[in-house]
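Input: a single structure, listed below in structure tokens.
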Amino acid sequence: MNETHALHGAPKSRCTFAIISHPDAGKTTMTEKILWFGSVIREAGMVKSKHGNFAKSDWMELEKERGISVSSSVLSFEYKNRALHLLDTPGHKDFSEDTYRTLTAVESCMMMIDSAKGVEAQTIKLMDVCRMRATPIVTFMNKYDRDALDPYALLENVETILHIHCTPMTWPIGDGVDFKGVYDIVHKQIYMFDEETDPRTPHILQAHDLDAPEVVAYVGDTLLEKLKHDLEMVSELLPPFDRDDFLAGMLTPVFFGSALHNFGVKEVIDFITDYSPGPKPRLATLFPYTPEAPTKEISPEDPTFSGFVFKIQANMDKRHRDRVAFMRVISGRFKRGQRIFNTREQKEIKVTTPLIFQARDREITEEAFPGDIIGLTGRYAIGDTFTEGELLKFSGIPSFAPEIFVKVNLKDPMKAKQLEKGLRQLAEEGTVQLFTRHTFNEKILGAVGMLQFEVVKYRLEDEYNVLGDYTPYPFIGMRWVKFTDEKQQDKFIQDNSNNIVYDLKGRPCFAVRSEWDLKLVQDKNATVEFFKNSDYL
Ligand code: G4P
């Protein structure tokens, strides 16, 4: 482990972002190109190579066996005088809860779409999460080197399904074998598609006059007619780029290209670097953190340090069986050796080895600023807030409703205590959600994907020496419930006792057995509110 200094600069220079996409749209390929532009890797193909697996982690045996990426990590690098933090998110849908939580720690997102397919299921879910914080989105229509849908149809598809306005910044000329490149709508020039060109300096054809002989010669009559027609439609029907609408998450600038060929990638990274917001203020609840407790906005300019944990990664270094809690700095300046206060446990810790992550390396950092991500080793919980002593808790790091459920039956009943301890710790880390039935003290695990349960099984055996059988439980969803008063709460719980469970924090939830069941209860209890995530406080 090397010692290094943090990426220097004023807080506004931080750009903390993530890529959202449906599996196979090209996120790993794009990550690799971004790292190449950020000079983190020197050769294309390194991210997925067997020897240098940068973007995908291979820390856990399970990941190796399955050949999938369970974990997300942080990739930090400098680009155009900004410190970029790309928060990598697991591609596999079974770990999407991890991705949802990571999205609570970013200031903007790049959305990648497979241009042959348009908007796909996972992207819809991820956009819903982005919308919770009105996160600005930059869109990249990928794989134009292959046959693609018509660009206008793609934009309509995004607008209709994702309910966000689109403003194309570039426009594709042809697709597949006829792909000629993209027209830069703002600068009125064509970036020529040529696999041999250095992506940093694409061949540019000035195209202020689309009838200029060199433009006609390069594009060809048929594609030129289509380009002119498309550009006319765009200028008449689509809104021009508006920075405020972008920052409000209402409008997405759209770029076209091919991540595989590193074409159009530079434009989209440049855009993110130039336009993505720096660290924003964040709302916190003051002690005792109840729904009635007062809230306070913490600004990145506040001189006192604060931050929160959005992700916990176990077994990053298998030899040490360690846990790294990824903490996003919200305000103040963090210095190595500083004493910070965990407001959940109300306990002070001294951070002697704060980590930062640069591709495959983790290094000790001397300082960190708002927008930075630092790794703390030790046992913490998702959502833990750290301050210089002020008792507050950042909001906006919810639990998301699980979709599948199991019950653990112990093979050795003497291990009940270890099981309870293991499950609680894994739930605090966000590996799985743990619920307790109202009617009797039975523990139910909730997850978004089956593989989450496999991780739990593996880790309970490996770390807690607990063997169990995992039997499916007949719930299909979960809703956090909010009542107008205690009397209503008591009656609701009494009437629905078989469906009532409590989450890790003791909040009552309604376990859904069928959509019909849910609808019936909602109709019967019109003033009770049902939430798909726990962030209703
Ligand atoms: P993901 O992380 O979003 O799941 O996607 P990934 O980057 O792994 O890309 C999925 C597949 O799509 C890969 O092919 C990748 O090479 C291909 N791909 C990504 N971007 C482009 C592009 O711009 N054009 C074309 N033609 N293909 C692209 P694969 O065959 O599944 O994997 P591999 O054997 O190439 O690694």
Side-chain angles (χ1 to χ4, degrees), residues 1 56-64 69-76 85 87-90 95 97-102 104-105 307-329 334 336 338-358 360-365 368 372-386 394 397 399 418-434 445 447 451-466 504-505:
M1 203 184 287
K56 298 206 171 182
S57 53
D58 59 352
W59 296 299
M60 289 181 68
E61 282 305 317
L62 185 88
E63 289 175 77
K64 285 189 204 147
S69 166
V70 175
S71 339
S72 70
S73 56
V74 184
L75 304 160
S76 301
H85 299 305
L87 273 51
D88 189 22
T89 46
F95 299 104
E97 218 189 323
D98 208 35
T99 302
Y100 300 160
R101 276 192 300 261
T102 297
T104 66
F308 72 89
V309 172
F310 64 93
K311 150 106 199 140
I312 291 174
Q313 175 79 62
N315 298 337
M316 277 181 93
D317 184 343
K318 190 75 182 134
R319 285 162 305 176
H320 298 112
R321 243 191 205 174
D322 65 350
R323 277 173 180 66
V324 176
F326 290 88
M327 177 174 67
R328 157 81 209 242
V329 180
F334 173 84
R336 181 179 174 192
Q338 189 170 342
R339 291 180 183 280
I340 55 175
F341 191 72
N342 182 335
T343 65
R344 176 178 59 95
E345 296 183 324
Q346 305 207 7
K347 208 166 106 186
E348 197 176 70
I349 56 160
K350 186 176 175 187
V351 188
T352 47
T353 54
L355 304 170
I356 56 161
F357 302 85
Q358 310 215 357
R360 66 179 155 179
D361 295 325
R362 46 157 121 174
E363 301 172 335
I364 293 172
T365 186
D372 284 344
I373 311 291
I374 48 181
L376 308 175
T377 41
R379 229 179 234 298
Y380 302 108
I382 299 280
D384 273 0
T385 298
F386 289 91
F394 284 109
I397 316 129
S399 299
Q418 277 103 312
L419 175 72
E420 178 121 13
K421 184 177 166 211
L423 287 179
R424 175 161 274 276
Q425 284 178 349
L426 293 179
E428 280 177 359
E429 284 177 22
T431 312
V432 76
Q433 287 188 50
L434 180 63
L445 302 184
L451 288 175
Q452 275 183 270
F453 295 137
E454 292 211 25
V455 175
V456 171
K457 183 169 185 283
Y458 174 88
R459 289 190 55 195
L460 279 179
E461 285 175 16
D462 189 50
E463 295 166 38
Y464 300 90
N465 203 14
V466 176
L504 199 62
K505 293 185 178 154

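Keep in mind that the numbers below use all heavy atoms, side chains included, and drop hydrogens, waters and symmetry copies.
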Of all heavy-atom pairs between [X] and [Y], which one has the smallest distance, and what is that distance?
| X | Y | result |
| --- | --- | --- |
| I373 | H85 | N-NE2, 4.3 Å |
| R328 | A105 | NH1-O, 3.0 Å |
| L423 | V456 | CD2-CG1, 4.2 Å |
| P354 | R336 | CD-CG, 3.7 Å |
| Q346 | T343 | CG-O, 3.6 Å |
| I374 | A368 | CG2-CB, 3.8 Å |

Hey, does [Y] have a side-chain heavy atom less than 4.5 Å from the side chain of [X]?
| X | Y | value |
| --- | --- | --- |
| I349 | I340 | yes |
| F453 | V432 | yes |
| E428 | L504 | yes |
| L434 | L445 | yes |
| F326 | T102 | no |
| D372 | F334 | no |

Item to check | Charged N-O contact under 4.0 Å between R424 and E420 | outcome: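 Answer for the salt bridge query: no.
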Next on the checklist: Check this for me: does any side-chain nitrogen of one of E463 and R323 sit under 4.0 Å from a carboxylate oxygen of the other?
Outcome noted: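 Yes, charged N to carboxylate O under 4.0 Å.
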Item to check | Test side-chain contact (heavy atoms from CB on, under 4.5 Å) applied to V324 and I312, step by step | outcome: CA-CA 6 Å; V324 176; I312 291 174; over 6 Å; no
Nearest 0.5 Å please: distance from the [atom1] atom of [X] over to the [atom2] atom of [Y].
| X | Y | atom1 | atom2 | result |
| --- | --- | --- | --- | --- |
| L419 | L460 | CG | CG | 6.0 Å |
| I382 | F310 | CD1 | CZ | 8.5 Å |
| L376 | T352 | CG | OG1 | 10.0 Å |
| I397 | T104 | CD1 | OG1 | 5.5 Å |
| Q425 | K421 | CD | NZ | 5.5 Å |

Item to check | Parallel, tilted or perpendicular: rings of F386 and Y380 (30°, 60°) | outcome: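 Perpendicular, since the angle between the ring planes exceeds 60°.
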Item to check | Side chain T385, main chain F394, donor-acceptor under 3.5 Å | outcome: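 Answer holds: yes.
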Checklist entry - Looking at K311, R379, R101, which hits salt bridge (Lys or Arg N to Asp or Glu O under 4.0 Å) with E429? => result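 Answer after filtering K311, R379, R101: R379.
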